[in-house]
There are 2 protein chains.
Amino acid sequence: MASHGGRGRSGGRPTLEEVAARAGVGRGTVSRVINGSPRVSDATRAAVEAAVAELGYVPNTAARALAANRTDAIALVVPEPETRFFAEPYFSDMLRGVGAELSDTEMQLLLIFAGSDRERQRLAQYLAAHRVDGVLLVSVHADDPLPDLLGQLEIPAVISGPRSAAESLTSVDSDNYGGARSAVEHLLAGGRRRVAHITGRLDVYGAQRRVDGYRDALRDAGRTADELLVEPGDFTEEGGRRAMTALLARHPDLDAVFAGSDVMAAGARQVLREAGRRIPDDVALVGYDDSAIARHMDPPLTSVRQPIEEMGRAMIDLLLTEIADRRPAVSRGLDRRRAVLPTELVVRASS
Amino acid sequence: MASHGGRGRSGGRPTLEEVAARAGVGRGTVSRVINGSPRVSDATRAAVEAAVAELGYVPNTAARALAANRTDAIALVVPEPETRFFAEPYFSDMLRGVGAELSDTEMQLLLIFAGSDRERQRLAQYLAAHRVDGVLLVSVHADDPLPDLLGQLEIPAVISGPRSAAESLTSVDSDNYGGARSAVEHLLAGGRRRVAHITGRLDVYGAQRRVDGYRDALRDAGRTADELLVEPGDFTEEGGRRAMTALLARHPDLDAVFAGSDVMAAGARQVLREAGRRIPDDVALVGYDDSAIARHMDPPLTSVRQPIEEMGRAMIDLLLTEIADRRPAVSRGLDRRRAVLPTELVVRASS
DNA sequence: AGGTAGCGTGGGAGCGCTCCCACAAGTGAT
DNA sequence: ATCACTTGTGGGAGCGCTCCCACGCTACCT
């Protein structure tokens with residue numbers, strides 16, 4: 001028995017077998033207790049639990065994974081080249097939600113970076129090897145092949161920010177449409193007459209929805225949306241500057257700007273200031289994300305807060321459900337899951 | 001042979017055994033090739049590698065972990081209640097460095113949150129179960145029992161931001177002393193005469209070192225450091241406000257402030273502005289961290305940049321070395337490793 | 001010639017678990 | 001009383017790997 005390894009028998013961690021011996025039952029029974037099977041009598045269960053406690057037994061994950069062909073781990077795949085993604089508190093907040101929700105479970109969170117081609121290669125191998133039970137996908141581009149790969153491999157996956165209205169994976173999103181609406185309605189309620197919008201990258205579905213919200217809010221307020229008040233940005237500060245410059249040139253009389261992100265709002269603010277416009281006196285400004293930038297901007301920026309931490313929680317919830325079902329949503333047919341969480345307008349001095 | 005599981009034999013992933021059959025060698029030999037043992041002839045190695053490629057063989061991590069009693073995983077332990085820590089880009093940047101350095105290896109990064117007591121409990125169990133080969137510790141308090149636990153369990157660990165000059169774990173740090181010096185020297189070079197310092201929490205070693213750097217810079221410039229120009233803060237915005245208020249009351253004639261963090265600098269700025277002091281005309285202001293806040297402050301804040309991403313890389317480097325040595329530094333006696341990376345002063349309009 | 005290394009190799013044993021079959025004992029219908 | 005079932009239980013077999021012992025072989029010393 002002691003021919004292998006060299007870990008002395010007293011120093012090593014207790015095994016199932018040892019717990020079984022201690023409790024005076026068989027190995028199978030201990031396994032059933034550990035895994036919460038109902039097919040165990042109360043008396044036996046109590047005896048086993050006592051033995052587990054006395055010995056300080058902790059299951060060996062590797063052995064379990066090998067025997068059961070599951071991993072008890074899920075991967076959070078991070079498309080790292082998106083520096084923007086990292087710099088924003090988005091990631092941290094989501095991570096906090098994910099961590100909180102996961103702490104109730106036995107699941108491990110594995111962080112996988114899929115930035116470079118080499119990393120993506122490795123990820124593909126990873127997934128093919130089924131080294132995780134499920135995958136969390138954040139900020140995926142519309143043309144990313146990853147979601148399809150996951151579908152093929154039948155690996156449960158949840159995506160934050162669906163790629164389109166027809167997203168095939170289970171998804172969690174915040175209410176971009178409603179968030180944009182509330183921002184614009186707030187500006188109109190404040191008496192603003194000519195509200196411009198700097199959009200995010202329009203290949204991002206959420207950015208499209210914000211445009212929709214902006215349009216509908218204006219339309220419902222009885223205005224014919226003047227298309228020329230919409231200027232595309234790209235979520236960067238520089239993009240915000242460019243868009244603001246263009247808007248100002250076309251519409252010197254605008255009195256409000258709704259930017260699709262705080263970062264773009266920061267860029268817009270610079271241009272407005274250089275153009276001599278006072279905020280909020282001449283032009284009201286509203287951002288999106290409610291990031292640290294919004295709080296520290298001068299003047300502090302009104303912004304739409306997304307419940308990012310809650311989104312993280314929701315993602316885990318949905319993923320665990322799918323894993324429990326042992327089948328990805330895509331193969332379950334119509335029963336796709338989708339969660340949309342409400343946003344909140346945080347009003348500050350800029351509007 | 002097919003009594004277990006149910007994964008049909010053709011659908012399953014190839015095993016060592018199958019590779020061995022294909023290459024016409026024994027199981028042991030394939031294992032040696034996979035693990036890069038030198039005790040294999042070139043011809044055999046080539047044959048095995050061909051078989052591996054043809055079959056698309058990927059080792060089963062669980063089986064390996066079980067047999068070899070190692071995990072090929074390292075944990076990044078995050079003391080989550082430190083919201084400050086999350087909100088700052090510190091975490092993201094470090095993560096990027098860690099990820100980059102790790103992508104060259106087979107190691108997995110595991111994220112473990114150790115915020116609540118329950119999470120800490122779980123973490124302790126985790127470590128006791130040796131479910132990771134090594135641990136990365138970030139922003140640990142001086143009185144945290146975790147480092148000692150790691151030492152006892154003989155788990156290789158690297159800490160970012162040593163807890164004291166006598167840190168027992170391998171550590172990576174930025175040059176807080178030098179960073180503070182450069183900030184103060186910059187202020188003096190700009191003609192400032194009365195330079196105040198708002199410190200971080202002094203139970204944080206790095207904050208102490210910044211105070212040391214501040215003092216020495218003044219002393220070396222021939223001034224007797226006036227202790228009353230030092231006011232303790234706590235890394236928060238509110239703390240910055242309080243400290244600035246106190247400093248202004250005691251020293252209405254101060255003409256420069258070096259804050260131990262950008263967030264505190266933001267607080268200080270508010271107070272200075274309310275007191276009618278212009279920045280940088282009346283009072284120059286320098287922060288620490290070079291965070292997004294610094295860039296977006298009005299005026300943009302001069303700040304000390306820490307090479308956080310590089311610190312992440314260095315931590316992985318050191319940790320992998322320790323794991324390779326298979327013994328934590330603490331038991332190797334005097335041979336402790338410690339890396340200190342240089343900072344950089346980013347000069348902006350506030351000074 | 002015999003001895004003694006050392007290399008490269010094959011394969012047994014074992015890591016700690018889960019799965020499942022077999023079986024004993026109890027329960028109720030026939 | 002017989003024949004089902006059901007419930008709880010024990011333990012064999014196997015997951016895919018690593019470790020290590022044993023073996024055949026070559027090379028070089030006595």
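Fair warning: this is a prediction, and the values are worked out from it, not measured in the lab. So you know, we letter chains A, B, ... as the sequences are listed, proteins then strands, and number each from 1.
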Exercise. Does the base of C/dG16 carry an N or O that pairs as donor and acceptor with the side chain of A/Arg13 under 3.5 Å?
Worked result: no
Exercise. Whole-Å distance between C/dC15 P and A/Leu66 CG?
Worked result: 13 Å
Exercise. If we only count heavy atoms from C-beta on, is the A/Ser31 to A/Leu16 side-chain gap below 4.5 Å?
Worked result: yes
Problem set entry | Any side-chain heavy-atom pair of B/Ile74 and B/Leu110 under 4.5 Å | no
Problem set entry | Contact check, side chains of A/Asp93 and A/Arg96, non-hydrogen atoms, under 4.5 Å | yes
Problem set entry | Separation of atom CZ in B/Arg64 from atom C1' in D/dG16, rounded to whole Å | 11 Å
For this session: Using the salt bridge (Lys or Arg N to Asp or Glu O under 4.0 Å) rule, take B/Asp173 and B/Arg338 through it: C-alpha gap first, then chi angles, then the decisive distance, then the call.
Result: CA-CA 8 Å; B/Asp173 203 359; B/Arg338 181 165 305 198; over 6 Å; no
For this session: Nearest whole angstrom, please: distance from the C1' of D/dC17 to the CG of A/Asn60.
Result: 13 Å
For this session: Please list residues of residues 29-37 of chain A whose heavy atoms come under 4.0 Å from any atom in DNA chain D, ordered by number; otherwise none.
Result: A/Thr29, A/Arg32
For this session: Report yes if a donor N or O on one partner sits less than 3.5 Å from an acceptor N or O on the other, where the partners are the side chain of B/Arg39 and the base of C/dT9; otherwise report no.
Result: no
Problem set entry | End axis versus end axis in the helix from C/dA1-D/dT30 to C/dT30-D/dA1, the angle rounded to 10°, five pairs used at each terminus | 40°
Exercise. D/dC15 phosphate, OP1 or OP2: any side-chain N/O from B/Thr15 under 4.0 angstrom?
Worked result: no
For this session: Could you check whether B/Arg27 gets within reach of a base, just the sugar-phosphate, or nothing at all, counting any heavy atom under 4.0 Å?
Result: base
Exercise. In whole angstrom, what separates A/Glu18's CD from C/dG16's C1'?
Worked result: 10 Å
Problem set entry | Whole-Å distance separating the CG atom of B/Asn69 from the C1' atom of D/dC19 | 12 Å
Problem set entry | Check: B/Pro14 and B/Glu54 side chains under 4.5 Å, non-hydrogen atoms | no
Exercise. Which of the following nucleotides, D/dT18, C/dT9, C/dT18, is nearest to the side chain of B/Ser41?
Worked result: C/dT9
For this session: Return the 5'-most residue of the pair A/Gly26, B/Leu16 with respect to DNA chain D, ranking by each residue's nearest nucleotide.
Result: A/Gly26
For this session: Can you see which heavy atom on A/Ala51 is nearest to which on A/Ala23, and at what distance?
Result: CB-CB, 3.8 Å
Problem set entry | Presence of salt bridge, A/Asp117 and A/Arg120, under 4.0 angstrom | no
Problem set entry | Nearest to side-chain heavy atoms of A/Arg70, which nucleotide of C/dT18, C/dG8, D/dT18 | C/dT18
For this session: Please examine the side chains of B/Met311 and B/Met94, heavy atoms only from C-beta on, and report whether any two atoms are closer than 4.5 Å.
Result: yes
Exercise. Between A/Glu17 and B/Ala43, who's closer to the 5' end of DNA chain C by nearest nucleotide?
Worked result: B/Ala43
Exercise. Would a 4.5 Å heavy-atom cut-off, applied to side chains only, mark A/Leu319 and A/Val135 as touching?
Worked result: no
